[in-house]
Amino acid sequence: MPAITLPDGSVRAFDGPVTGTTIAASIGPGLAKAALAMQVDGALRDLSHEITGDAAVRFVTRKDPEALDLIRHDTAHVLAEAVQELFPGTQVTIGPSIENGFYYDFSRNQPFTTEDFAAIEAKMREIVARNAPFRRQEVSREDAIALFESKGERFKVELIRDLPASETISLYSQGDWVDLCRGPHMRGTGDIGTAFKLMKVAGAYWRGDHRNPVLSRIYGTAWRDQKELDAHLLQIEEAEKRDHRRIGREMNLFHLQEEATGSVFWHPKGWKLYRTVEDYMRRRLDDGEYQEVKTPQVLDRKLWERSGHWENYRKNMFMATVEDQDEAHRLLALKPMNCPCHVLIFNQGIRSYRELPLRMAEFGACHRYEPSGALHGIMRVRAFTQDDAHIFCEEHQIADEAVRFTALLSRIYKDLGFESFRVKFSDRPEQRAGDDGIWDRAEGALHEACLKAGVDYEMNPGEGAFYGPKLEFVLRDAIGRDWQCGTFQVDFVLPERLDAEYVAEDGSRKRPVMLHRAILGSFERFLGILIEQHAGRFPLWLAPVQVVVATIVDDAAPFAKEAAEALRKAGLRVDLDLRNEKINRKVPDHIAQRVPVLVVVGRREAEERKLVLRRLPGRDQVELPLAEAVATLSAEATPPDIRG
RNA sequence: GCCGGCAUAGCUCAGUGGUAGAGCAACUGAUUCGUAAUCAGUAGGUCCGCGGUUCAAAUCCGCGUGCCGGCACCA
C-alpha cells in the first residue's frame, strides 16, 4: 500500500505497486502530459518505474533543470540509433550528456566527418517523429553479455564485464534499437523535440586512455526549444568574437608563425599590455615581501637529474649542445621551470630560521616541448614566462603562507577583472617522488591551509605534481574552456633532492619546505584570458593605447599635438590621428581598435583650448579645459594598487 | 602524440583540370569635412612546401609543415 508524498506535502495512497505514469494521471491530465520523469526519494527515475513502498515523489517537466540532462542523454541515444541505421557495422560505446549538449563515441573503420551530419540529423528527426517509447529492462550479466556479443558490440561487452557485481544491469530500447544504459530516460523519443544540432566530430580514445583504440566522437547540442538552441548558437558566435587569437590580430597585439611554433611574437601594443601587467605584478610582489631574482635559461643535465625532472619530464625538455663539447658529457637543457635554480640560490651561504619564510620571486622564462596537439594560440605555448615564486619555510608556516597567498591572488584577480574563480585540490599522482609519509603531511598541510584561508575547493584526485599536492586556480576563457592559472604547491621532495637546509632555533640543520606558487601562471596564458575576459576593451589602466586624439581639420593639428603631448607627459599612452579622413571615419576606426578614450579636436576646441572626451564605444561626451582633462584621465588611468 | 578538417593578396573570402579574382587594408591624388566607414586611381600572388599524375594542376594523388576542433598531455 504505497503512500506517495508530493512536494506540496499532500499524500496519495495506492492499492499496490504504482508507476509514475499512474500517479501523474491521478493528479491531473495536465501533469500526465507534462511529466517526463520523476524523482523518487531524491533519485531520478523513469515514469514507468514501479514504486512498491512509501516514497516522496516529484515530477520532472520540461521546465525543470533536470529536463535538459534528460533531453541531451535521450538525444545521444537517438544519435546512436541513427548512426547504426545509416552506417551498419558501426559499434556503439558511450554517449553521455555534457555541458550544453551531449556526445556519442563510435567505433568505425572510417571516422565520421561533418559531411555526414545532414544525413544523420535527418535520420534523427525521423526517429524522434516515430516517438518510440523508451523501455527499460533489467537483465542478468550473462544475458547482457550474450546480447551484445551477438550484435558484435565488443565495447559494450567490455563495459558490462567491468561493472561491479552489485550493479543492476539495465537495457533501454527505443523501437528495435537497444543500448546498455543506467537511465533514466523520458517517455519516448518524441519527448526530445527538435531543438538539437550536431556540432563537431573528434577523435577520442576508448576510456580516455591513449593506449586504447581511437573512437570517432560526434558532439551535439540539445535544448528545450528552438529559442534556447538559437540563443546558444548566438552565444557561441559572440564568444568567437572575443577569441584572443582574433582580437590579437585585430588589435595588432602579437602574432605566431611557423618558424617559432609555440612562441609568441609580441608587437608593440601587445608588449605594452604585457609590461603594464608585469609592472603591476612587480609592485604587488614587492608589497607582499617577495625578493625578485633572475636565474639562468640553460642548465646542465646533471642538475635536472638531481631534481628529478630528467627522470619525469626529459621528453618534454628542449636540449642544447655546443659543437666543441662532448655531447654525452655536457648536455644542457633549457629550463622547463625555475624551482631548481631558486634552490641553488637558497643554498648559497648558510640560511637561518630567522630568514624564513623566504619568498623568492622570478619572472622566469621557461621552455617546454608541449605536444603539438596541445598548442592553442598564446594560451598553451612552448616558450612562456611564469610569475613564479618559491617560498622556503618551516612546516608550521605553510598554512599562514597559504592564507597570505590566496589573499594576494584574490586581490590581483579582482584588480584585473576576475571576480570569481574555481579552486581544485590535486592530490598524489601514481607516478611520484617521496614516500607516503611525506605525501600525508603535505596533503594534510594543504587541507589545513585551505580551511584557514576559507578556500572552497573541489577535489581533483591523482592530479598533483610529482613532487607534491597542489591547489589550482582556474579561470574560464571566452569559449568556455577552463585554464589553470594560479597554483600553490607544497613540496617536501625538492629540498631533499637538492639538499637545501637551514639552521634551526636549536642549532640543528633542517630541511625547509618549499611552496611553489604562481598567480598569473604564465603571462602568455593569462594575457590570452585577460584579452577574452575584456573582449579587448581593457580598463583604462591596462589599455595599450589609452587615448587617441583625432583631428577634424588640419587647422586643429597644432592644438591636437599639444594636447597629446600634455597627456603623454602625464604618463598616458596616447596616439595622434591626424589622417586626412573625416571624423565619421576616425570614430569607427578607433572603436574597432578598442581605444577607451577618444578626444576629437576641431577648430572650436583649438580656439577654446578644451578637450571633448568620448568613452568608446559609447556616444556620451564631456567637455573639459585641457589641464582638467589631463588630470581626470591621468587619475583614472592610475593602476589600482597605486590608487590605493 | 592521436583522429578529423583546413591552408589562395596584409585581413575576410570566391575560384572542381585550360590566361589567378572581389571587398576591406596599403600606396598616390583629390577633398578640409563636427562624432559609427568621402571619391578616384595604382600597386600587390612560389595559390603553405616538396614530389607525382596529366598536353595542361590553386584544383587530382602522395609525403611534409603549420593552423583549427576534439582526445591524450599539461612539472
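Numbered from 1 within each chain, the chains take letters A, B, ... in sequence-line order.
When distances are taken from the side chain of A:Pro371 to each of B:C33, B:A75, B:G1, the shortest belongs to B:G1. Side-chain proximity of A:Arg245 to the nucleotides B:A37, B:C74, B:G69 is greatest for B:G69. Set against B:A36, B:C71, B:G66, the side chain of A:Arg614 has B:A36 as its closest nucleotide. Considering only the side chain of A:Ile583, B:G34 comes nearest among B:A36, B:C3, B:G34. The side chain of A:His210 sits closest to B:A72 out of B:A72, B:C3, B:A75. For A:Asn584, counting side-chain heavy atoms from C-beta on, the closest listed nucleotide (B:C71, B:G34, B:A37) is B:A37. Comparing B:U35, B:A72, B:G66 against the side chain of A:Glu258 picks out B:G66 as the nearest. Comparing atom distances between the A:Pro111 side chain and each of B:G70, B:A75, B:G4 picks out B:G4 as nearest. The side chain of A:Arg249 approaches B:U12 more closely than any other nucleotide in the set B:A75, B:G70, B:U12.
Side-chain atoms of A:Asp554 and base atoms of B:U32 include a donor and an acceptor less than 3.5 Å apart. One can find a donor-acceptor pair under 3.5 Å joining the base of B:G34 and the side-chain atoms of A:Glu605. Not a single donor-acceptor contact under 3.5 angstrom links the side-chain atoms of A:Tyr205 to the base of B:G70. With hydrogens and angles ignored, a donor-acceptor pair under 3.5 angstrom links the side chain of A:Arg380 to the base of B:C74. For A:Arg585 against B:U38, a side-chain-to-base donor-acceptor contact under 3.5 Å is absent. Residue-to-nucleotide contacts include no donor-acceptor pair under 3.5 Å from the side chain of A:Arg382 to the base of B:C74.
Each of A:Gln489 and A:Val600 has a nearest nucleotide on RNA chain B; the 5'-most of these lies closest to A:Val600. Residue A:Ser216 is the one, among A:Ser216 and A:Asp243, whose nearest nucleotide of RNA chain B lies closer to the 5' end (criterion: closest heavy atom).
Comparing the P positions of B:G70 and B:G34 gives a spacing of 48 Å, expressed to the nearest Å.
The partner of B:G41 is B:C27, by the rule that a Watson-Crick or G-U pair needs both atom distances under 3.5 Å.
OP1 or OP2 of B:A36 sits under 4.0 Å from a side-chain N or O of A:Arg619.
For the pair A:Arg432 and A:Tyr467, the cation-pi test (distance below 6.0 Å, angle within 45°) is failed.
The backbone N or O of A:Leu215 lies less than 3.5 Å from no partner atom in the side chain of A:Asp105, so there is not a single donor-acceptor pair. For the pair A:Gln546 (side chain) and A:Leu540 (backbone), a donor-acceptor distance under 3.5 Å is present.
Straight-line distance from the NE2 atom of A:His267 to the P atom of B:G10: 14 Å, rounded to whole Å.
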